[in-house]
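Below you'll find the structure, written out as structure tokens, and then a few comments.
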2 protein chains.
Amino acid sequence: MGKISDSFKEQLREKGYKLTVQRQAVLDVISEHEGEHMSSEEIYENVKKTYPDIGLATVYRTLILLNQLGLIYKIDFDDGRSRYELNREKEDHRHHHLICTECGLVEEVEEDLLESLENQIFENKGFIVKDHKVKFYGICKKCGESMKSEK
Amino acid sequence: MGKISDSFKEQLREKGYKLTVQRQAVLDVISEHEGEHMSSEEIYENVKKTYPDIGLATVYRTLILLNQLGLIYKIDFDDGRSRYELNREKEDHRHHHLICTECGLVEEVEEDLLESLENQIFENKGFIVKDHKVKFYGICKKCGESMKSEK
DNA sequence: ATTCATGCAAATCGTTTGCAACCCA
DNA sequence: TGGGTTGCAAACGATTTGCATGAAT
């Protein structure tokens, strides 16, 4: 709770925003559910456990704010709702997501390996890459195995 | 018009779907606007020029169908609406998109270069990659230059 | 005290769906 | 003919917004 809250506090002050219980609570919930890719609604439901009076609109507004501050990332798994995950600052690059088209499982890949592509993009197009979003679609290990054994 | 229509016709017949003027018209519009990443609404407006009676719902239904058949790709540029582009079958791999965070320009990169990453993903996770969606965010050439000259 | 943030409900907006009329195969 | 298709309008669901109240600095 310590480190995140402190830099959060600073960042808010810097931009003239206020530190409210609600904003803390939302950030806390996302922190406590690392790797879960929660939707706005799920975050809302979870925050209500410790802060029952929070409104859904506040959650939405807070998510926009946290995303702007770079504390969280918005991700989209094509299911019609936005999901969020904590920005783990230890990582120098963003991780990628593997989405199984059979069972819907979402895994993460820590390897980045996009540096040479990004350099090439700069050489060829003069485009300076600052960030990327990468999704791989395919068959996860489990589904691949059960497909094999079914034959 | 020839090649696309023919394989389109075949694919529809194969799955028991019918070839209608509306479906043709939607596919034609997308074909005639390569590289434009049109939204459903934009496609609808364009189709109306040659087929004024078409309904928006039909366009939506057709886009879903064409996407399922693999004739078009759905892309998402985080502006709250889905966009579509023709699947250029000549390419053995899908291209990537560069999105300028300054001016909103969307460029394409033909280079793929994800094969080694995809192989590594299979080695490490047993996940078989079938497809990917890759977006790079950053500063396009023009914006980079005008930022430099402003200093 | 001032300014920003909240909660509520209503409004938005892209997309989907039910249904009767319609048209391709 | 008959089942897939269409157009229309209504329904949906996620997200946004207006506004009066409440809280943080």
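Everything numeric here is computed off the predicted structure, so don't read it as measured data. Proteins get letters first, then strands, A, B, ... in listed order; numbering begins at 1 in each.
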Under 4.0 angstrom, heavy atoms only, what part of the nucleic acid is Tyr44(B) near: base, sugar-phosphate, or nothing?
nothing
Provide, to the nearest angstrom, the distance between the [atom1] atom belonging to [X] and the [atom2] atom belonging to [N].
X        : N       : atom1 : atom2 : answer
Arg23(B) : dG7(D)  : CZ    : C1'   : 14 Å
Gln24(B) : dC24(C) : CD    : P     : 12 Å
Asp76(A) : dT15(C) : CG    : P     : 12 Å
Tyr51(B) : dT5(D)  : OH    : P     : 14 Å
Lys15(B) : dC24(C) : NZ    : C1'   : 20 Å
Gln68(A) : dA5(C)  : CD    : P     : 11 Å
Leu65(A) : dT6(C)  : CG    : P     : 9 Å
Asp53(B) : dC23(C) : CG    : P     : 10 Å

Closest non-hydrogen atom pair between Ile72(B) and Leu63(B), with its separation:
CD1-O, 3.7 Å
Side-chain heavy atoms under 4.5 angstrom apart, residues restricted to Ile, Leu, Val, Met, Phe, Trp, Tyr: same cluster for Leu71(B) and Tyr60(B)?
yes
Are Arg94(A) and Tyr73(A) in a cation-pi setup, meaning NZ or CZ lies under 6.0 angstrom from the ring centre and within 45 degrees of the ring axis?
yes
Does the salt bridge (charged side-chain N to carboxylate O under 4.0 Å, His left out) test come out yes or no for Lys142(A) and Glu102(A), once each step is laid out?
CA-CA 10 Å; Lys142(A) 200 175 244 175; Glu102(A) 295 300 310; over 6 Å; no
A correct 5'-to-3' footprint of nucleotides 12-25 of chain D, with B, S and - meaning base, sugar-phosphate only and no protein heavy atom under 4.0 Å, is --SBBBB-----BS
Does Gln22(B) place a side-chain N or O at less than 4.0 Å from the phosphate oxygens OP1/OP2 of dG7(D)?
yes
Ring centroids only, cut at 6.0 angstrom: are His97(A) and Phe136(A) within range, meaning strictly under it?
no
Measure from the ring center of His132(B) to the ring center of Tyr137(A) and say whether it is less than 6.0 Å.
no
Considering heavy-atom distances to DNA chain D, does Gly16(B) or Val59(B) have its closest nucleotide positioned more toward the 5' end?
Gly16(B)
How about Tyr17(A) and Leu65(A): do any of their side-chain heavy atoms sit closer than 4.5 Å?
yes
